[in-house]
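Here is the structure we will look at, set down as structure tokens.
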There are 2 protein chains.
Amino acid sequence: MRADAQRNRDRIVEVARELFRARGFDAVSMDEVAKGAGVGPGTLYRHFPTKESLYDAIIEAWSEKVNGAVDRALALEAPARVRLLAWLSDYAAMLTEHKGAAARITGALGDPGSPFAAKCQTYLGANQRLIEGMDSALRPGANAMQISRLVGGVAAVADNSELPADSVTAMLAVIADGLLASVNA
Amino acid sequence: MRADAQRNRDRIVEVARELFRARGFDAVSMDEVAKGAGVGPGTLYRHFPTKESLYDAIIEAWSEKVNGAVDRALALEAPARVRLLAWLSDYAAMLTEHKGAAARITGALGDPGSPFAAKCQTYLGANQRLIEGMDSALRPGANAMQISRLVGGVAAVADNSELPADSVTAMLAVIADGLLASVNA
DNA sequence: TGCCAAACGGAGAGTGTCTCCGTATAGTTC
DNA sequence: GAACTATACGGAGACACTCTCCGTTTGGCA
């Protein structure tokens with residue numbers, strides 16, 4: 001890649017990350033990103049053929065964080081409930097870090113054609129590792145996809161309504177206890 | 001209201017309901033609704049100043065269904081878990097009846113300025129009635145808003161990903177068991 | 001220095017929500 | 001039934017957005 005192209009790409013990602021974080025995916029227009037980065041719309045679309053692909057580039061680094069969070073949760077010397085809740089909280093926090101991300105990523109969980117497909121695989125894999133690491137303390141039937149969707153739902157609602165952290169924690173606690181419940185009916 | 005205006009309004013609502021149900025809120029344009037109802041865009045906007053207000057008119061009748069569902073759940077001669085799950089399932093089913101509704105309504109839960117504010121009050125009231133009718137079988141801290149959001153989150157994910165009914169039921173079961181869990185940590 | 005593949009950027013196509021305003025008509029009054 | 005007026009109609013178009021095309025510019029190399 002030519003030096004000027006690399007420079008422009010970097011500036012676009014930087015500007016877009018800040019704009020998306022502050023105001024959310026939908027509320028920021030591509031023209032705005034282009035103007036903020038000092039390039040024309042054509043240049044922006046040369047680097048990122050769709051708005052979603054730009055978004056994907058922005059959350060690139062997340063995947064790495066995910067596995068770290070699972071490792072931390074599994075390494076805790078604590079009851080299953082605490083370890084589970086630690087992971088769910090980290091997971092939800094990562095999903096709500098960027099406005100609009102939770103709904104978008106959770107919606108892409110079952111769609112191999114999505115631009116986020118690779119990230120979804122990382123997430124699902126992380127949940128799978130957690131399940132295996134917890135040695136069937138979870139209810140029968142609990143699986144990575146289900147957990148991802150449950151937490152994704154909570155995160156999407158939290159993001160959408162800008163809920164305070166303790167509301168989110170309380171909802172995640174309900175889910176954690178539900179996942180740990182021995183089904184009795 | 002003049003007779004022709006009433007006729008047009010009725011036709012618009014009828015056409016829009018069918019279009020929204022089939023293809024979802026975002027995928028249907030107002031021009032399309034206008035054309036389908038045989039009126040001009042100006043007429044459509046005369047009756048419904050925003051797209052959301054049209055949506056609100058369409059889901060008008062829902063509120064009545066909600067209280068019926070609570071009554072049915074409370075009247076069941078069955079363990080708390082069964083009654084709770086019955087209500088959560090009904091609630092989620094109503095939210096996913098129209099594509100896009102779950103996220104929209106759940107997002108409006110805490111926003112008094114939303115066009116859906118009245119409907120949200122109905123939903124919250126229904127959940128409150130359920131809580132009171134279940135005589136504190138629920139975990140401490142569970143409240144109408146929290147339950148609405150939890151179920152809304154599941155419904156939004158289900159709607160977004162077009163999940164089969166049994167997946168939704170499984171997720172609601174997790175939430176129901178979580179809500180019934182005696183918090184032990 | 002000259003070349004050219006690569007990158008740039010802006011005009012504009014296509015689509016969406018919503019508005020303005022001249023025209024048509026329902027309902028009332030004589 | 002005719003005239004009148006408030007009400008409703010409908011389409012052109014303003015404005016915003018995503019994304020494309022293509023003539024122009026420029027970085028990197030021989």
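Below, chain A is the first sequence line, B the second, and so on; all start at residue 1.
When every heavy atom of A:Ala142 is checked against every heavy atom of A:Ile131, the shortest pair comes out as O-CD1, 4.3 Å.
A salt bridge is defined here as a Lys NZ or Arg NE, NH1 or NH2 lying under 4.0 Å from an Asp or Glu carboxylate O, and B:Arg23 with B:Glu18 fails to meet this definition. A salt bridge between A:Asp26 and A:Lys99 is absent, with no side-chain N of the basic residue lying under 4.0 Å from a carboxylate O of the acidic one.
Look at A:His47 and you won't find any side-chain N or O under 4.0 angstrom from OP1 or OP2 of C:dA7. Under 4.0 angstrom from either OP1 or OP2 of D:dC19 there lies at least one side-chain N or O belonging to A:Tyr45. Listed pair A:Asn8 / C:dC8 meets the phosphate criterion, a side-chain N or O lying under 4.0 Å from OP1 or OP2. When the side-chain nitrogen and oxygen atoms of B:Thr43 are compared with OP1 and OP2 of D:dA8, none of them lie within a distance under 4.0 Å.
Distances were taken from every side-chain heavy atom of A:Ala5 (C-beta onward) to each of C:dC8, C:dC18, D:dC19; the shortest belongs to C:dC8. Distance from the side chain of B:Arg46 is smallest for D:dC9 among the nucleotides D:dC9, C:dA7, C:dA11. Checking D:dT18, D:dG27, C:dT17 against the side-chain heavy atoms of B:Ser29 singles out C:dT17 as nearest. Comparing D:dC9, D:dG27, C:dC18 against the side chain of B:Asp4 picks out D:dC9 as the nearest.
For the pair A:Met30 CE and C:dA11 P, the interatomic distance rounds to 19 Å; values are reported in whole Å. If you measure from atom NZ of A:Lys51 to atom C1' of D:dC19, you get 12 Å, rounded to the nearest angstrom. Per the geometry, CG belonging to A:Leu54 stands 15 Å off C1' belonging to D:dC17, to the nearest Å. The CZ-C1' distance, from A:Phe48 to C:dG9, rounds to 17 Å in whole Å. Taking atom CD of residue A:Glu52 and atom C1' of nucleotide D:dC17, one finds them 15 Å apart after rounding to whole Å. To the nearest angstrom, C1' of D:dT26 lies 16 Å from CE of A:Met1. Rounded to whole Å, atom C1' of D:dT18 lies 15 Å from atom CG of B:Asp26. Between the P atom of D:dG27 and the CZ atom of A:Arg9 lies a distance of 20 Å, rounded to the nearest Å.
For B:Val39 and B:Arg2, each mapped to the nucleotide of DNA chain D holding its nearest heavy atom, the one lying further toward the 5' end belongs to B:Arg2. Take the nearest nucleotide of DNA chain C for B:Arg7 and for B:Glu32: the residue whose nucleotide is more 5' is B:Glu32.
Contact annotation for A:Val28: backbone-only contact, meaning every heavy-atom pair under 4.0 Å involves sugar-phosphate atoms and none involves a base.
Put simply, the side chain of A:Val15 does not reach to within 4.5 Å of the side chain of A:Phe20, judged on heavy atoms.
Relative orientation of the A:Phe25 and A:Tyr55 rings is perpendicular, given thresholds of 30° and 60° on the angle between their planes.
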